[in-house]
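Note sheet for the following structure.
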Amino acid sequence: MTAMHPGIIERNLFIDNGPRPALDGERIDVVDPSDGIVFGSIARGRSADVGLAVASARRAFDGDGTADGRWGRTPAPERGRILAGLARAVEGAAEELAALESRDTGKPLRQARADALALARYFEFYAGAADKLHGQTVPYRQGYTVLTLREPHGVTGHIVPWNYPMQIFGRSVGASLAAGNACVVKPAEDACLSVLRVAELAAGCGLPPGALNIVSGLGAEAGEALAAHPGIDHLSFTGSPATGTRVAQVAAAHHCPVTLELGGKSPQLVFADADLDAAIPSLVGAIIQNAGQTCSAGSRVLVEQSIHDEVLERLAVAFSALRAGPAQRDLDLGPLVSLRQQQRVWDALSEAQASGIRFVAQGQIIEDAPAGGFYQAPVLLADVPPGHHIEQEEIFGPVLAVTPFETEAEALRLANGTPYGLVAGVWTRDGARQLRLAHRLRAGQVFINDYGAGGGVELPFGGVKRSGHGREKGFEALYGFTTLKTVALRHD
Ligand code: NAD
């Protein structure tokens with residue numbers, strides 16, 4: 001890193017435990033979403049840079065005949081100790097990381113701080129799990145002993161989006177390193193700074209060269225080159241369904257297994273017997289967190305008809321009080337991440353308006369917010385017709401759609417009636433209904449009288465249908481970052 005003048009940040013790729021400019025020297029501007037002003041640049045890695053990073057990771061994992069392949073031969077307890085040290089280093093740098101992330105993505109400071117602490121917690125969790133991952137013995141025919149070995153894939157690729165760079169990096173790289181893989185990461189072009197800083201911290205904690213490489217760059221260049229690289233043994237992709245499809249197709253050409261964490265249109269079902277004092281703030285929080293740019297955002301509220309007007313009124317009061325402004329002001333919402341994202345939300349709202357969908361309430365953008373920032377006030381929409389684009393597709397902004405239902409069967413049909421299946425919430429005091437719906441909702445996670453459970457590093461996460469496949473987070477993720485070998489020994 002070379003600071004050009006105070007406030008300007010210049011970052012390079014991170015390969016073999018050190019910074020390195022892109023081979024062709026090209027760079028990408030870094031824009032502060034709070035004012036739209038460029039405050040630095042990152043290296044624009046391309047295919048040849050990805051090649052160097054993969055070669056570095058391969059050396060760390062395999063050894064190259066002359067070098068020692070240190071990471072591939074590091075015993076599990078030692079991997080755990082290094083990750084535990086990294087957890088402490090991230091905790092110690094939490095304020096620095098939060099300030100960086102907040103400036104880079106527009107996240108309010110306290111949300112960026114929570115992300116930094118979650119990142120530390122991912123490393124802590126997987127540090128503890130590294131030496132508890134093992135195979136089994138399998139009863140088989142007389143005269144045999146059969147055992148299974150859980151082995152790392154080798155070199156894993158990680159394509160990360162811009163909305164929660166630290167958390168998504170932590171959950172996937174933390175699990176992969178704990179399982180013994182060497183990693184190559186392609187962060188999103190809109191949000192690389194925190195991840196590059198964490199790689200420096202990892203090197204300082206004893207992670208050997210090549211175990212963790214970061215190639216910043218554009219999706220169609222560095223991202224696609226990573227998916228296509230035959231030296232990658234497993235790919236973990238988090239991002240949009242369209243890109244996920246592309247990445248899976250590209251990776252299939254070299255038979256590379258892929259975990260896809262894609263989008264969502266997650267419903268919250270509110271029944272007439274719900275505790276509304278608990279539900280209302282949770283419904284609001286689930287859509288405004290990170291300005292709605294959350295894959296698991298609770299972007300649809302389905303409300304039982306008899307309490308529909310009351311819920312809508314209470315949501316409207318809450319929405320009207322919300323304020324958006326610069327990330328450093330730490331208000332309810334920061335700006336959206338980019339001009340492109342702002343345009344995407346505006347397009348969706350124009351479409352809602354053109355379809356006659358009811359705009360019930362809107363929050364405020366504070367008066368002195370810089371004119372160049374990518375702000376969007378939170379919007380509450382009502383009577384959103386089932387099947388409408390607004391009810392079916394991710395907006396990825398602070399827009400909540402409310403739809404009434406008459407019966408539990410109708411609520412379930414609406415909840416399951418989108419192409420997605422990531423998360424669902426159910427608000428009811430009826431125990432039988434809680435369990436019935438937990439079974440019948442098509443989603444990777446179901447929360448009862450809550451939403452998100454505070455993030456939950458320990459809780460397996462992932463989707464069904466267009467929300468993706470494979471699970472990250474929790475102990476379950478370690479199975480995805482390993483492959484199983486069966487050893488049959490005939491002794492009689
Ligand atoms: P995106 O798909 O545009 O980009 C995600 C990543 O893929 C970025 O690093 C990007 O550079 C890279 N990429 C883009 N084109 C590529 C290509 N052709 N080949 C390889 N890589 C490529 O998504 P985004 O706009 O950054 O993120 C928002 C989306 O991510 C939303 O749909 C959201 O729901 C989803 N998301 C899902 C989860 C989850 O865990 N399920 C978490 C966060 C975000």
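Indexing begins at 1, ligand by ligand and atom by atom, following the structure's order. When a residue number appears, it is its place in the shown sequence, counting from 1.
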- Is it true that a side-chain atom of Asn12 and a backbone atom of Ile42 form a donor plus acceptor pair closer than 3.5 Å? no
- Task: Using a strict 4.0 Å cut-off to heavy atoms of Ile168, name the atoms of ligand 1 that fall inside it.
- Result: 42 (C), 43 (C)
- Query: Salt bridge between Glu101 and Arg197, side-chain N to carboxylate O under 4.0 Å?
  - Reply: no
- Which residue owns the protein heavy atom closest to atom 15 (N) of ligand 1, what's the atom, and how far is it? Thr243 CG2, 3.3 Å
- Could you tell me whether a side-chain N or O of Asp24 sits under 3.5 Å from a main-chain N or O of Glu26, the two making a donor and an acceptor? yes
- Distance under 6.0 Å and angle within 45° of ring axis: Arg103 vs Phe39: yes
- Message: Determine whether a donor-acceptor pair (N or O, by modelled atom type, separation under 3.5 Å) exists between the side chain of Asp49 and the backbone of Ala22.
- Response: no
- Message: I want to know if ligand 1 touches Glu224 in the polar sense, i.e. an N/O pair below 3.5 angstrom.
- Response: yes
- Note on the structure: A student checking ligand 1 against Ala188 at a 4.0 Å heavy-atom cut-off should list atoms 8 (C), 9 (O)
- Task: Considering only non-hydrogen protein atoms, determine which one is nearest to atom 1 (P) of ligand 1 and report residue, atom name and distance to 0.1 Å.
- Result: Ser240 OG, 3.6 Å
- Query: Between the candidates Gly263, Gly463, Gly239, which shows the shortest non-hydrogen contact distance to atom 35 (C) of ligand 1?
  - Reply: Gly239
- Pair His234, Ser236: side-chain N/O donor-acceptor within cut-off below 3.5 Å: no
- Note on the structure: ligand 1 to Lys186, heavy atom cutoff 4.0 Å, flagged ligand atoms 9 (O), 10 (C), 11 (O)
- Query: If you round to the nearest 0.5 Å, how far is CZ of Arg110 from CG of Asp115?
  - Reply: 11.5 Å
- Message: Give the atom numbers and elements of ligand 1 that come within less than 4.0 Å of a heavy atom of Thr238.
- Response: 5 (C), 37 (C), 38 (C), 39 (C), 40 (O), 42 (C), 43 (C)
- Heavy atom under 4.0 Å from ligand 1: found in Val247's side chain, backbone, both, or neither? side chain
- Item | Phe396, Phe237, Tyr164: member with heavy atom nearest to atom 28 (C) of ligand 1 | Phe396
- Item | Protein heavy-atom partner closest to atom 41 (N) of ligand 1 - residue, atom, separation in Å | Leu262 O, 2.5 Å
- Message: So, regarding Pro241 and ligand 1 (criterion: nitrogen or oxygen to nitrogen or oxygen, under 3.5 Å), is there a contact or not?
- Response: no
- Task: Would you mind listing which atoms of ligand 1 come within a distance below 4.0 Å of any non-hydrogen atom of Pro161?
- Result: 26 (O), 27 (O), 43 (C), 44 (C)
- Under a 4.0 Å N-O cut-off, is there an ion pair linking Arg323 with Asp332? no
- Considering only protein heavy atoms, which is closest to atom 34 (O) of ligand 1, and at what distance to one decimal place? Glu394 OE2, 2.4 Å
- Query: What is the nearest protein non-hydrogen atom to atom 43 (C) of ligand 1, stated with its residue, atom name and distance?
  - Reply: Asn163 ND2, 3.0 Å
- Query: Does ligand 1 have an atom that lies less than 4.0 angstrom from a heavy atom of Trp162?
  - Reply: yes
- Query: Below 4.0 angstrom, N of the basic side chain to O of the carboxylate: do Lys265 and Glu391 qualify?
  - Reply: no
- Query: What protein heavy atom sits nearest atom 9 (O) of ligand 1, and how far off is it?
  - Reply: Val160 O, 2.8 Å
- List every atom of ligand 1 that sits less than 4.0 Å from any heavy atom of Glu261, numbering the atoms from 1 in the order shown and giving each element. 37 (C), 38 (C), 39 (C), 40 (O), 41 (N)
- Nearest option to atom 21 (N) of ligand 1, as decided by whichever heavy atom of Gly468, Pro165, Gly223 sits closest: Gly223
- Query: Short question: side chain of Asp190, backbone of Ser338 - any donor-acceptor pair under 3.5 Å?
  - Reply: no
- Mark yes or no: Lys107 above the aromatic ring of Tyr164, with NZ or CZ under 6.0 Å from the six-membered ring centre and no more than 45 degrees from the axis. yes
- Item | Heavy-atom nearest neighbour of atom 40 (O) of ligand 1 within options Gln167, Glu189, Glu221, Arg171 | Arg171
- Between Glu224 and Arg246, does at least one N-O distance fall below 4.0 Å, as a salt bridge requires? yes
- Item | Polar side chain donor-acceptor pair, Trp162 to Gln341, under 3.5 angstrom | no
- Electrostatic pair Glu221:Lys186 at N-O distance under 4.0 angstrom: no
- At what distance is the nearest protein heavy atom to atom 36 (N) of ligand 1, and which residue and atom is it? Cys295 CB, 3.5 Å
- Item | Test item: protein heavy atom less than 4.0 Å from atom 32 (O) of ligand 1 | yes
- atom 12 (C) of ligand 1: nearest protein contact (heavy atom, Å): Ile159 CG2, 3.6 Å
